[in-house]
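Just so we're clear, the structure is a prediction, and the values are computed from it rather than from any experiment.
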2 protein chains.
Amino acid sequence: MAPSRRDHLVDTALELFIRDGFHATGIDKILAESGVAKMTLYKHFKSKDELILSALRRRDEHFRNWFMRAVESRAQAPRQRLLAIFDALDEWIGGRDFNGCMFINASAEFARADNPIHVAAAEHLRLVLAYVRELATAAGARDAEALARELMLLAEGAIVMAHVAGQADAAKNARRAARTLVDHAFA
Amino acid sequence: MAPSRRDHLVDTALELFIRDGFHATGIDKILAESGVAKMTLYKHFKSKDELILSALRRRDEHFRNWFMRAVESRAQAPRQRLLAIFDALDEWIGGRDFNGCMFINASAEFARADNPIHVAAAEHLRLVLAYVRELATAAGARDAEALARELMLLAEGAIVMAHVAGQADAAKNARRAARTLVDHAFA
DNA sequence: GAATAAATATACAGATCGGTCTGTCTTGTC
DNA sequence: GACAAGACAGACCGATCTGTATATTTATTC
């Protein structure tokens with residue numbers, strides 16, 4: 001079954017938003033790239049912001065799905081999975097299409113905390129943090145919440161250092177630090 | 001001596017760029033806010049991008065100046081200064097005007113690595129990292145480069161978690177993790 | 001006080017923005 | 001074959017964008 005026009009639109013928008021940013025990507029470029037008519041877009045979405053929100057939702061789904069599979073396929077032991085987070089991160093960062101975290105970027109362009117787009121970005125981080133907390137709990141960390149938050153800091157920091165400063169080995173540095181923190185959390 | 005029109009322009013632009021972002025801040029808004037004429041702007045800057053670059057340079061100067069003073073006024077012992085980084089960070093994040101890191105935001109809006117604005121953002125992180133490395137070296141860490149990079153990850157991660165997810169205590173979590181990493185680096 | 005330089009106001013150009021409207025063409029169903 | 005739904009093309013709207021041109025006012029300096 002062919003993807004619906006709506007899905008195709010969201011996929012195309014997602015790609016362009018990640019590559020060029022939100023403000024820099026005009027409606028017309030999305031339409032030209034996807035071959036969809038303008039009226040079709042506005043039949044499915046009330047505004048560009050709604051399209052952005054749909055793209056963020058899809059990205060959140062895809063990313064977390066990929067991430068959880070990547071972590072869990074790399075290690076069975078819960079404690080090893082906490083480190084596998086950074087192996088997955090390294091794979092992502094090293095990929096050809098890496099262009100930073102879409103949600104960090106969205107928060108940058110829609111800075112006010114009450115903007116629905118910013119709220120969606122915050123929710124994404126909340127969900128990823130919840131997953132890391134699950135891993136930490138399963139591993140039996142003394143303070144799973146604290147450990148999860150610390151590992152999140154390393155992960156987000158690695159994304160930033162890789163994207164902004166071009167540090168290709170950021171995830172490897174993060175993994176080394178994570179091992180120290182994990183060891184300490186179980187000592 | 002009154003600040004020059006040029007300086008006033010850069011200061012106003014800086015404020016608006018931090019608050020609303022780069023693409024979302026039009027030339028006209030900067031002019032209206034600063035009370036400067038358009039021709040004056042284009043006498044001093046060839047383009048908006050040049051104004052952005054000037055704003056980034058000023059921000060880099062101001063921020064690193066503030067940051068180094070904030071760290072060094074909080075602790076004398078080099079090893080304590082490594083932790084004071086996160087106390088300074090906490091003060092910044094808790095401030096009323098905190099709106100994320102301007103350089104992370106710039107890299108988000110100007111995503112291509114060869115864009116001069118992106119390059120300027122990368123340079124800022126490089127300089128901050130160099131300072132942290134100095135602190136780590138002065139403290140006599142076994143591997144100052146590695147420790148500095150790890151602490152940078154925590155710092156950038158804290159900025160992201162605070163701005164995107166609204167985690168007001170991100171710097172405190174980062175400080176806790178930093179203590180573990182620092183202790184480990186001297187063990 | 002005249003000359004000079006700088007900043008001003010204002011209008012405008014040309015492009016692009018998000019979004020609307022009209023009308024045509026295709027497609028599937030009865 | 002008639003009909004309805006949905007996607008298409010493309011003109012169009014007002015607003016806004018960066019950047020330019022012109023002409024006036026202000027301030028400094030000799």
Worksheet item: With ring centroids as reference points, do B:Trp92 and B:Phe63 lie under 6.0 angstrom apart?
Response: yes
Discussion item. A side-chain contact here means heavy atoms from C-beta on lying under 4.5 Å apart; do A:Leu129 and A:Leu125 qualify?
Written reply: no
Discussion item. Tell me if a side-chain donor or acceptor on A:His124 pairs with a main-chain N or O of A:Asp60 at a distance below 3.5 Å.
Written reply: no
Discussion item. Is it the case that over 12 heavy atoms from other parts of the model lie below 6.0 angstrom from the NE2 atom of B:His23?
Written reply: yes
Worksheet, complete the sentence: Here the residues of residues 23-39 of chain A within 4.0 Å heavy-atom distance, strictly under, of DNA chain C are A:Thr25, A:Gly26, A:Ile27, A:Lys38, A:Met39
Worksheet, complete the sentence: Here the distance between atom C1' of C:dT22 and atom OH of A:Tyr42, to the nearest Å, is 17 Å
Discussion item. Heavy-atom count check: over 12 atoms from other residues, nucleotides or ligands less than 6.0 Å from B:Glu123 CD?
Written reply: yes
Worksheet item: Hey, is the side chain of A:Thr40 poking within less than 4.0 Å of OP1 or OP2 on D:dG6, counting only N and O atoms?
Response: no
Worksheet item: Between atom CG in B:Leu9 and atom P in D:dG19, what is the gap in whole Å?
Response: 13 Å
Worksheet item: Please give, in whole Å, the distance from D:dG6 C1' to A:His44 NE2?
Response: 9 Å
Practice prompt. Take the protein atom CG of A:Leu41 and the nucleotide atom P of D:dA7, then report the distance between them rounded to whole Å.
Written response: 11 Å
Discussion item. Rounded to whole Å, how long is the line connecting atom CD of A:Glu50 with atom P of C:dG18?
Written reply: 15 Å
Worksheet item: Is the charged tip of B:Arg64 near the ring of B:Tyr131: under 6.0 Å from the six-membered ring centre and within 45° of its axis?
Response: no
Item to complete: Rounded to the nearest angstrom, tell me the gap between atom CD in B:Glu109 and atom C1' in D:dC17.
Response: 15 Å
Practice prompt. Measure the distance from CZ on B:Phe22 to P on D:dT18 and round it to the nearest whole Å.
Written response: 13 Å
Worksheet item: Roughly, in whole Å, what's the span from NZ in A:Lys43 to P in D:dA7?
Response: 7 Å
